[in-house]
Amino acid sequence: MDGGLLEPSLYSIKAIAILDNDGNRLLAKYYDDTFPNTKEQRNFEKNVFNKTHRANAEIVMFEGLTCVYKSNVDLFFYVVGSSMENELILSSVLNAFYDSTSQILRKNVEKRALLDNLDAVFLAADELCDGGIILEADSNSIVQKVAIRNDDIPLGEQTMAQITSKYGQQVSAATDRVMYHSFNPVSYQNGQAQSR
């Protein structure tokens, strides 16, 4: 190292986590050996939650790490990097993760909705960061890659375009059958089709 500068690295994220309002883990992904086992990971989560759950800040230095966090209703979102990591980068990752989770949960960011859609939120975390390397920081792009199926969206929340694309083919096929039978009348006698 020359002049006290560290080598630049793509490995900027050490952990991503979502905790509930009691500090219990709902989702956690650790990307290096800073916390090598589950016991140390849970201890870190408990300690960082105790330090942040009543604070008004968005960034905290904790145990030699930089933690950015955001809370909503009963969930706490955390992104953890080294003490030398740029807080703006960590904050942009946190915002992308929070916004993509919000879109997946249809703006209902709370524990129950998260547990119902945990698989999609895990996929969003995987699209956001892989092995500590930031892959994507645009929440819209992350949600598109997660590809929520329209079948899962309640009918009242679908747009007309979604409804038309889903049911339009069925209506078109039914219309074709009605039109075919009205111009080609067939009667059945003794189980055999007879032309009129």
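Throughout, numbering of the chain's residues begins at 1 and tracks the sequence.
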If you look at every heavy atom in [X] and [Y], which pair is closest and at what distance?
| X | Y | result |
| --- | --- | --- |
| S12 | I134 | OG-CD1, 3.6 Å |
| L75 | E110 | CD1-C, 3.6 Å |
| A124 | S100 | CB-OG, 4.1 Å |
| S83 | G64 | CB-O, 3.3 Å |

- [ ] Determine whether L128 and I16 make a side-chain contact, defined as any pair of heavy atoms from C-beta on separated by less than 4.5 Å.
- [x]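 Of all side-chain heavy-atom pairs linking I16 with L128, at least one is under 4.5 Å.
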- [ ] Please tell me if the side chains of F77 and S71 come closer than 4.5 Å, counting only heavy atoms from C-beta onward.
- [x] no
- [ ] Quick one: name the residues clustered hydrophobically with Y69, using the 4.5 Å side-chain heavy-atom rule over I, L, V, M, F, W, Y, and just say none if it's on its own.
- [x] L19, Y30, F35, F44, V48, F49, V60, F62, L65, F76, Y78, V80
Salt bridge between [X] and [Y], side-chain N to carboxylate O under 4.0 Å?
| X | Y | result |
| --- | --- | --- |
| K29 | D126 | yes |
| K145 | E136 | yes |
| D32 | K14 | yes |

Donor-acceptor check, side chain of [X] to backbone of [Y], threshold 3.5 angstrom: yes or no?
| X | Y | result |
| --- | --- | --- |
| N24 | D20 | no |
| T66 | S82 | yes |
| D33 | P36 | no |
| S141 | D138 | no |
| N47 | N43 | yes |

Open item on the list: Does D130 form a side chain to side chain donor-acceptor pair (under 3.5 Å) with Y31? I'd like the steps, not just the answer.
Closed with: CA-CA 8 Å; D130 183 32; Y31 299 109; over 6 Å; no
Open item on the list: Show, in sequence, the C-alpha distance, side-chain angles and deciding distance for Q41 and N37, and conclude whether the side chain to side chain contact (heavy atoms under 4.5 Å, CB included) test is met.
Closed with: CA-CA 6 Å; Q41 291 172 2; N37 58 42; over 6 Å; no
Task: side-chain contact (heavy atoms from CB on, under 4.5 Å) partner of V121, the single match among D116, L114, L26 - done: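 Only match with V121 under side-chain contact (heavy atoms from CB on, under 4.5 Å): L114.
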Can you tell me how far the [atom1] atom of [X] sits from the [atom2] atom of [Y], to the nearest 0.5 Å?
| X | Y | atom1 | atom2 | result |
| --- | --- | --- | --- | --- |
| E85 | S9 | CD | OG | 8.0 Å |
| E127 | I142 | CD | CD1 | 7.5 Å |
| I18 | L118 | CD1 | CG | 7.5 Å |
| D74 | N21 | CG | CG | 5.0 Å |
| E45 | E40 | CD | CD | 12.0 Å |
| T101 | N108 | OG1 | CG | 12.5 Å |

same_hphob_cluster([X], [Y]) at 4.5 Å side-chain heavy-atom cutoff:
| X | Y | result |
| --- | --- | --- |
| F97 | L105 | yes |
| L115 | V109 | yes |
| F122 | I13 | yes |

Task: More than 12 heavy atoms from other groups under 6.0 Å of CD on E58 - done: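 At most 12 heavy atoms, drawn from other residues, nucleotides or ligands, come within 6.0 Å of this atom.
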TODO: Please say whether more than 12 non-hydrogen atoms of neighbouring residues, nucleotides or ligands are located less than 6.0 Å from NZ in K70.
DONE: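 Counting other residues, nucleotides and ligands, NZ of K70 exceeds 12 neighbours.
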Open item on the list: Show, in sequence, the C-alpha distance, side-chain angles and deciding distance for V93 and V68, and conclude whether the side chain to side chain contact (heavy atoms under 4.5 Å, CB included) test is met.
Closed with: CA-CA 9 Å; V93 171; V68 294; over 6 Å; no
